[in-house]
Number of protein chains: 2
Amino acid sequence: MELSPTAHVILGMLSWGPKSGYDVKAIVDNSTRFFWAASYGQIYPELRKLAEAGLIEAEAGPEGGRRRTVYRLSPTGHERLREWLSAEPETYELRDDGLLRLFFAAAAPDTAAGTLASKRHYHEGLVEQFREIEATGKPEGFALAVLHYGIEMNEWAAAWCARAAADLESATRAA
Amino acid sequence: MELSPTAHVILGMLSWGPKSGYDVKAIVDNSTRFFWAASYGQIYPELRKLAEAGLIEAEAGPEGGRRRTVYRLSPTGHERLREWLSAEPETYELRDDGLLRLFFAAAAPDTAAGTLASKRHYHEGLVEQFREIEATGKPEGFALAVLHYGIEMNEWAAAWCARAAADLESATRAA
DNA sequence: GAAGTCATGTAAACGGTTACATGATTTT
DNA sequence: AAAATCATGTAACCGTTTACATGACTTC
């Protein structure tokens with residue numbers, strides 16, 4: 001069976017310990033979301049499929065309390081995760097509306113400064129969010145490394161915007 | 001009428017002069033594709049809609065030669081483009097499979113070095129492609145600025161991978 | 001005359017998001 | 001008692017890609 005991208009996210013999350021669909025979504029929402037999102041509409045159906053395929057197993061129901069289904073990784077599931085981790089990354093996609101607007105800015109050059117400012121602000125906001133996550137002290141190891149990637153890359157992007165805005169301003173003044 | 005993202009790409013491209021759907025696709029494929037893709041399945045239907053809405057106009061048919069429909073921006077279309085350029089960017093999305101694999105690498109730590117090498121290689125390949133585009137001398141103004149963003153950002157990403165790989169290796173050796 | 005490429009278009013499938021529905025439990 | 005949050009799930013929709021179909025013109 002071919003595994004969907006979401007399936008890999010789930011296998012990865014469960015490799016950190018047993019979790020419910022709700023747990024997976026919550027963790028995705030403040031970690032992988034920034035480079036790989038997933039919604040309930042994908043997570044719950046995918047949990048079913050993975051359980052049917054035997055890659056994950058539903059744990060015994062909870063004693064009292066809320067109804068929840070907690071899954072854990074099966075040995076086969078762990079093996080599949082390992083296989084996926086050993087393979088080459090397939091997807092790198094970027095959709096950057098700010099860059100698109102800047103690309104076409106010649107049609108209305110006075111808008112470029114605003115676009116650069118917005119984009120800069122956006123990346124600075126991400127850096128702030130990431131620094132807060134870092135401050136919780138929770139991420140460690142590879143997850144922490146990826147968090148640092150996020151911080152540094154957005155710092156870089158914000159700095160680029162600042163530089164481009166400065167260049168633009170001096171070019172405008174010169175003309 | 002609310003304009004789709006693809007519509008804005010088309011308006012932007014036509015602001016550089018009249019073009020056919022085929023032309024638009026060809027230009028997208030070696031420019032915006034890296035931060036905003038578009039396929040025939042979107043472009044042709046969108047051209048129709050934009051023409052119906054009066055934002056673009058089909059030019060008089062060609063004298064002999066191949067059948068092709070060339071569109072140009074109408075004054076209303078130009079105005080709509082300008083409005084869009086004045087507004088705040090809405091979308092920034094990243095899907096980075098390599099980062100995802102690295103994030104979960106603790107489940108199979110020996111795979112991390114390979115993932116980092118692949119990701120590095122990928123970004124270096126992009127830099128090469130962009131340098132070739134730069135060498136054609138075609139992009140200018142804002143489009144050239146965006147090209148430089150692409151070059152520098154991928155250089156940064158490749159360098160990050162190299163650094164992370166070095167850190168990983170020394171950490172592994174220490175243990 | 002075969003291969004390539006210019007050019008337009010559509011149907012089906014896919015991955016994903018949004019919005020909604022439901023209801024139990026916990027907190028205020 | 002009300003509000004928040006935990007928790008699961010589905011249906012409808014949307015944007016997009018892929019694959020295919022068609023045919024004319026150009027180059028070898």
Side-chain angles (χ1 to χ4, degrees), chain A residues 1-10 13-14 18-30 32-52 56 58-71 90-97 100, chain B residues 1-10 13-14 18-30 32-52 56 58-71 90-97 100:
Chain A
M1 189 192 56
E2 183 78 16
L3 294 183
S4 71
T6 307
H8 293 123
V9 174
I10 291 175
M13 290 288 172
L14 295 192
K19 275 162 193 50
S20 69
Y22 192 83
D23 293 338
V24 169
K25 169 69 169 155
I27 300 176
V28 162
D29 276 353
N30 56 74
T32 68
R33 158 165 82 96
F34 301 102
F35 51 91
W36 208 282
S39 61
Y40 285 128
Q42 301 168 262
I43 291 169
Y44 283 113
E46 197 60 51
L47 282 168
R48 288 254 167 126
K49 283 182 218 160
L50 288 172
E52 275 167 37
I56 63 176
E59 276 197 351
E63 357 56 64
R66 279 200 181 87
R67 162 202 171 212
R68 64 199 302 262
T69 318
V70 174
Y71 296 89
E90 286 165 15
T91 307
Y92 181 88
E93 275 165 39
L94 180 63
R95 301 220 128 213
D96 187 335
D97 200 351
L100 188 65
Chain B
M1 190 193 52
E2 182 79 18
L3 294 183
S4 70
T6 307
H8 292 123
V9 174
I10 292 175
M13 290 288 172
L14 296 191
K19 275 161 193 52
S20 68
Y22 192 84
D23 293 338
V24 169
K25 169 67 170 156
I27 300 175
V28 161
D29 276 353
N30 55 76
T32 67
R33 158 166 81 97
F34 301 102
F35 50 91
W36 208 282
S39 60
Y40 286 127
Q42 300 167 261
I43 292 170
Y44 284 113
E46 196 61 50
L47 282 168
R48 289 251 165 129
K49 283 183 216 159
L50 288 171
E52 276 167 36
I56 64 177
E59 276 195 352
E63 356 55 65
R66 280 200 182 84
R67 162 202 171 213
R68 63 199 302 259
T69 319
V70 173
Y71 296 90
E90 286 165 14
T91 305
Y92 181 88
E93 274 165 39
L94 180 64
R95 303 219 128 214
D96 186 335
D97 200 351
L100 188 64

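We name chains A, B, ... by the order of the sequence lines, and we start the count at 1 in each one.
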### Message
Using side chain to side chain contact (heavy atoms under 4.5 Å, CB included), reason through B:Tyr71 and B:Glu59 one step at a time and then give a plain yes or no.
### Response
CA-CA 6 Å; B:Tyr71 296 90; B:Glu59 276 195 352; over 6 Å; no
For [X] and [N], is the shortest distance between a side-chain N/O and OP1 or OP2 below 4.0 Å?
X       : N      : answer
A:Thr69 : D:dA7  : no
B:Ser4  : D:dG15 : no
B:Gln42 : D:dT17 : yes
A:Arg95 : D:dT16 : yes
A:Tyr44 : D:dT8  : yes
B:Ser39 : D:dT18 : no
B:Tyr40 : C:dG9  : no
B:Arg68 : C:dA7  : yes

### Task
Please tell me which of the listed nucleotides, C:dT8, D:dT16, C:dT17, lies nearest to the side chain of A:Ala37?
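Nearest to the side chain of A:Ala37 among the choices is C:dT17.
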### Task
Measure from the side-chain heavy atoms of B:Arg48 and tell me the nearest of D:dA7, C:dT17, C:dG9.
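Comparing D:dA7, C:dT17, C:dG9 against the side chain of B:Arg48, the answer is C:dG9.
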Gap between atoms [atom1] and [atom2], on [X] and [N] respectively (whole Å):
X       : N      : atom1 : atom2 : answer
B:Lys49 : C:dT10 : NZ    : C1'   : 13 Å
A:Leu47 : D:dG9  : CG    : P     : 8 Å
B:Arg67 : C:dT8  : CZ    : P     : 7 Å
B:Lys25 : C:dT5  : NZ    : P     : 16 Å
A:His8  : C:dG15 : NE2   : P     : 12 Å
A:Glu2  : C:dA13 : CD    : P     : 18 Å
B:Ile43 : D:dT16 : CD1   : P     : 11 Å
A:Leu3  : C:dC14 : CG    : C1'   : 16 Å

#### Entry: Non-hydrogen side-chain atoms of A:Leu100 and B:Phe35 separated by less than 4.5 Å
yes
### Message
Is there a side chain to side chain contact (heavy atoms under 4.5 Å, CB included) between B:Phe34 and A:Tyr92? Walk through the geometry before answering.
### Response
CA-CA 10 Å; B:Phe34 301 102; A:Tyr92 181 88; over 6 Å; no
#### Entry: Gap between atom CG of A:Leu14 and atom CG of A:Leu47 - 0.5 Å precision
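If I round to the nearest 0.5 Å, the distance is 7.0 Å.
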### Separation of A:His8 NE2 from A:Thr32 OG1 (nearest 0.5 Å)
14.0 Å
### Task
Using the closest heavy atom to pick a nucleotide of DNA chain C for each, name whichever of B:Gly21 or A:Trp36 lands nearer the 5' end.
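By nearest-heavy-atom nucleotide position, the 5'-most residue is B:Gly21.
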